[in-house]
Amino acid sequence: MNELARLDRLVQQTADRLAGQQVGTVVAGLAGGAVQIHGAGRTSPGGGVPGPRTLFEIGSVTKVFTSIVLARLVLDGSVELDAPLAEVLADARPGGATVPSRGDTPITLRHLATHTSGLPRLPRGMTATALLRPNKPDPYAHCTAAHVLDGLARTRLRADPGRAFRYSNLGAGLLGLALAHRAGTGYEELVTREVCTPLGLVDTCLHPDAAQAERMAHGHTAGARPVPHWDLADIPGMGGLRSTAADLAILLRAQLAAEHEPDAPLSPAITLTRETRHRVNPFAWMHLGWLGHRLHTQQGGHLQIWHNGETGGFRSFVAFDPEKQVGVVVLANTRRSVDAAGTALLRTLQNEFAAA
């Protein structure tokens, strides 16, 4: 069996296995320059089989796009990586934005992208349990810029900025808000300009048009009950994008190409996102937007750069190994984790395929 056929078989097997746990799923595998994508299950109980161009909510995988935008704006001189958030948002509202502080270091854009700001996980007034209620409309619907900035002024930091990794949706949402404000445009337009257009991504968006809406999967709880879509109001940079396996495979190809194609459209920004690193523990670290870890097995050291995502009715997992030039995308329209399946497929590709 040649390598393309082997890749095709492994991707199809993963999609088929997940179909027993999800309403619908699409899996992409990248190896040796090839890409294979397969779907299984249904876009909804009465819908068709999802495919490469079916749109899913990708949740926190959105943070990867937000951080690439940050890197692009840093490289073109629009912002500085270590610019204080308070300065970027200084004229975002009458009287300016009040950003909490602790110690002598202000919260910077770097801190927001690496989850080292000290900010709590959620905007003030929100609780984790509110995100888990089945059939609940978008729990972030009230998070307008005014509401979030009002809450930010009354937020206490959990650690000194730059000192400790504390995953913060609020921080990533503020990063997207700040970058859009600095660019003088909306978040969706900014992502389109800085990421989608250079890469040729045609279906990554906040608000699907009529044609895209027809290809949008319906979300479901872990028990397969339909749930409403989430939009995340004015902080979509933390998790509001919709995308497809086809678009995310292109994104991963760009991540892999950055290792040996420095002149490719996004390679300088991708390189900057991965050059920036905050150590989480001896085995894991945080880049701008991406998490990374290296696990040592009998087959050797496995590098995994990754992010996952979750909304009310969707789960996502995107990961790659730039050393072995392999990657995976897993999208599902059920709120049941796909991380284990995605990690297992990546490990199989790492073991069975080697970069030429």
Side-chain angles (χ1 to χ4, degrees), residues 58-93 96-100 106-119 123 140 143-149 151-152 161-162 167-199 201 204-207 231-243 251 254 265-266 268-276 278 286-290 307 309:
I58 62 172
S60 288
V61 174
T62 300
K63 294 177 173 69
V64 170
F65 287 84
T66 304
S67 290
I68 295 174
V69 169
L70 169 61
R72 293 267 290 177
L73 296 185
V74 167
L75 290 174
D76 74 14
S78 297
V79 297
E80 295 181 2
L81 191 56
D82 292 311
L85 175 63
E87 290 184 7
V88 180
L89 291 176
D91 59 348
R93 58 185 304 180
T98 300
V99 177
I107 295 174
T108 67
L109 304 186
R110 182 197 301 267
H111 296 149
L112 298 175
T114 57
H115 298 283
T116 56
S117 66
L119 287 166
Y140 294 97
C143 289
T144 63
H147 177 86
V148 171
L149 294 179
L152 180 65
Y167 191 87
S168 175
N169 281 328
L170 171 60
L174 287 167
L175 177 60
L177 184 68
L179 295 177
H181 174 70
R182 174 56 60 91
T185 188
Y187 176 80
E188 182 173 33
E189 291 76 16
L190 187 58
V191 170
T192 298
R193 185 186 83 191
E194 299 296 337
V195 184
C196 298
T197 297
L199 288 183
L201 308 185
T204 299
C205 58
L206 283 181
H207 305 108
D231 291 309
L232 282 72
D234 288 341
I235 50 172
M238 58 172 271
L241 288 176
R242 279 86 159 149
S243 192
L251 176 69
L266 259 62
I270 288 169
T271 298
L272 176 58
T273 64
R274 300 223 299 267
E275 285 177 346
T276 306
H278 177 87
M286 188 75 212
H287 293 297
L288 296 180
W290 290 106
H307 215 297

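Being a predicted model, the structure only gives us computed values, none of them experimental.
- Listed by chain and residue number, Arg110 satisfy the salt bridge (charged side-chain N to carboxylate O under 4.0 Å, His left out) test with Asp82 (two or more places apart in sequence, or in another chain).
- Scanning all heavy atoms of the two residues, the minimum distance from Leu73 to Glu194 falls at CD2-OE2, 3.9 Å.
- In this structure the side chain of Met286 reaches within 4.5 angstrom of the side chain of Thr114, judged on heavy atoms.
- Between Leu177 and Ala145, the shortest heavy-atom contact is CD1-CB, 4.1 Å.
- When the salt bridge (charged side-chain N to carboxylate O under 4.0 Å, His left out) test is applied to Arg242, the partners found at least two apart in sequence or on another chain are Glu57, Asp231.
- Rounding to the nearest 0.5 angstrom, the gap separating the NE2 atom in His287 from the NE2 atom in His278 is 12.5 Å.
- Tyr187 and Thr62 share no side-chain donor-acceptor pair at under 3.5 Å.
- A search for salt bridge (charged side-chain N to carboxylate O under 4.0 Å, His left out) contacts involving Arg93 returns Asp150, not counting sequence neighbours.
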List the steps, then state whether side-chain contact (heavy atoms from CB on, under 4.5 Å) holds for Leu206 with Leu232. CA-CA 10 Å; Leu206 283 181; Leu232 282 72; over 6 Å; no
Val69 and Arg72: CA distance, side-chain angles, deciding distance, side-chain contact (heavy atoms from CB on, under 4.5 Å) verdict: CA-CA 5 Å; Val69 169; Arg72 293 267 290 177; 5.6 Å; no
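- Scanning both residues, Pro123 and Cys143, for their nearest heavy atoms gives CG-SG, 4.2 Å.
- Counting heavy atoms from C-beta outward, Thr108 and His111 have side chains that approach closer than 4.5 Å.
- Side-chain contact between Leu112 and Leu119 is present, with heavy atoms from C-beta onward closer than 4.5 Å.
- Residues Leu152 and Pro100 are in side-chain contact: their nearest non-hydrogen atoms beyond the backbone lie under 4.5 Å apart.
- By the neighbour-count criterion of 12 heavy atoms within 6.0 Å, atom CD of Glu189 is densely surrounded, having more than that number from other residues, nucleotides or ligands.
- Here the side chains of Leu109 and Leu70 are in contact, with some heavy-atom distance below 4.5 Å.
- A pairwise comparison of heavy atoms in Leu85 and Ala178 identifies CD1-CB, 3.8 Å as the closest pair.
- By the 4.5 Å heavy-atom criterion applied to side chains, Val99 and Pro84 are not counted as neighbours.
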If you apply the rule side-chain contact (heavy atoms from CB on, under 4.5 Å), what do you find for Ile107 with Leu174, and how did you get there? CA-CA 11 Å; Ile107 295 174; Leu174 287 167; over 6 Å; no
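- Side chain of Ser67 to backbone of Lys63: a donor-acceptor contact under 3.5 angstrom is found.
- Between Leu199 and Ala254 the shortest heavy-atom distance is CD2-CB, 3.7 Å.
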Where do Leu170 and Ile235 land on the side-chain contact (heavy atoms from CB on, under 4.5 Å) test, with the steps shown first? CA-CA 8 Å; Leu170 171 60; Ile235 50 172; 5.6 Å; no
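- Qualifying ring pair (Phe, Tyr, Trp, His ring centres under 6.0 Å) partners for His307, counting only residues two or more places apart in sequence or in other chains: none.
- Here the closest non-hydrogen pair linking Ala113 and Leu288 is CB-CD2, 3.6 Å.
- Side-chain atoms of Thr66 come within 3.5 Å of backbone N or O of Gly237 as a donor-acceptor pair.
- For Ser168 (side chain) and His115 (main-chain N/O), no donor-acceptor pair under 3.5 Å exists by modelled atom type.
- You'll find the side chain of Thr276 stays beyond 4.5 Å of the side chain of Thr273, heavy atoms only.
- The list of salt bridge (Lys or Arg N to Asp or Glu O under 4.0 Å) pairs with a residue in residues 172-185, not counting sequence neighbours, is empty.
- With sequence neighbours excluded, the residues that form a side-chain contact (heavy atoms from CB on, under 4.5 Å) with Thr204 are Phe65, Cys196, Leu201, Leu241, Ser243, Asp247.
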